[in-house]
Structures are given as structure tokens and as C-alpha cells.
Amino acid sequence: PFAVTDLPEKQKKAKSREETVAVRVVEAVRIGSVTEGCAGSTSAGVGAAFSESTSFLMVRRPEGGLLAGLWEFPSVVMPTVEKEAAAATAEGCA
């Protein structure tokens, strides 16, 4: 006989990660024509998006994960407030 308990159970999802990210937008305004060969990526994963008068610094994301290989503005993950508060308390600063 078939019972409801024979059905597969739904897997529990991992808790989503929350993080604060600081992003730097670097814009260079060009006067005159764009030099040939400046656009595109380099082996280091850094490139620039050009229009006739403006370019932005972009960084390629690592090869792995959900957004692998996509381009983004340079960013850095900031420490969370809870970790900073705990560290300050542990050092006797709070």
C-alpha cells in the first residue's frame, strides 16, 4: 500500500547570507577620440566599457558560482556590524 510518508521530503534551504558590500565606480571622461586597442578585457580580468567620451573601470567576477565570469564595478565585502561590535567588546573598547 502507498502512504503519504513514502513521498520524498522537501530539502531545507541553507540560510541566505547577508553581507555589506562597498562598491567603487571609477569613471574616466575622455576628451577626443578613443585610442585603438584600449577596450576589452585583459588576462587579469580588468577591462573598461567605452563610449565616445566616458569609460568605467570594470572587474570580471571569478569563474565559479552563480554570477561567474560576469563584469561588475570593483567592490569589497565589508565586515558586519555584529562582528565589529563583538571585536570591540572583546578588546574592551565598548
Side-chain angles (χ1 to χ4, degrees):
F2 179 76
V4 174
T5 57
D6 294 335
L7 297 174
E9 291 185 21
K10 187 174 183 178
Q11 297 288 332
K12 296 195 184 251
K13 290 185 177 181
K15 186 177 179 182
S16 62
R17 178 177 59 178
E18 289 186 25
E19 57 189 20
T20 303
V21 179
V23 178
R24 168 84 41 133
V25 177
V26 180
E27 177 184 12
V29 178
R30 295 193 182 274
I31 300 173
S33 63
V34 175
T35 308
E36 188 69 29
C38 289
S41 66
T42 65
S43 60
V46 177
F50 289 104
S51 69
E52 287 187 19
S53 62
T54 307
S55 62
F56 294 94
L57 179 66
M58 304 293 286
V59 179
R60 186 181 292 263
R61 294 180 59 88
E63 295 297 329
L66 181 64
L67 303 174
L70 296 179
W71 292 90
E72 65 180 0
F73 291 111
S75 61
V76 63
V77 177
M78 302 300 291
T80 61
V81 175
E82 295 84 24
K83 288 181 185 176
E84 288 177 355
T89 302
E91 293 176 6
C93 296

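Predicted model only: the values in this text are computed from it and were never measured.
- Counting all heavy atoms, side chain and backbone alike, F73 lies closest to L57 at CD2-O, 3.6 Å.
- Scanning for side-chain contact (heavy atoms from CB on, under 4.5 Å) contacts around V77 gives E19, V21, with sequence neighbours left out.
- For the pair R60 (side chain) and G69 (backbone), a donor-acceptor distance under 3.5 Å is present.
- Linking Ile, Leu, Val, Met, Phe, Trp and Tyr whenever their side-chain heavy atoms come within less than 4.5 Å puts M58 and V23 in one cluster.
- Distance OG/S55 to CD/E27: 8.0 Å, rounded to 0.5 Å.
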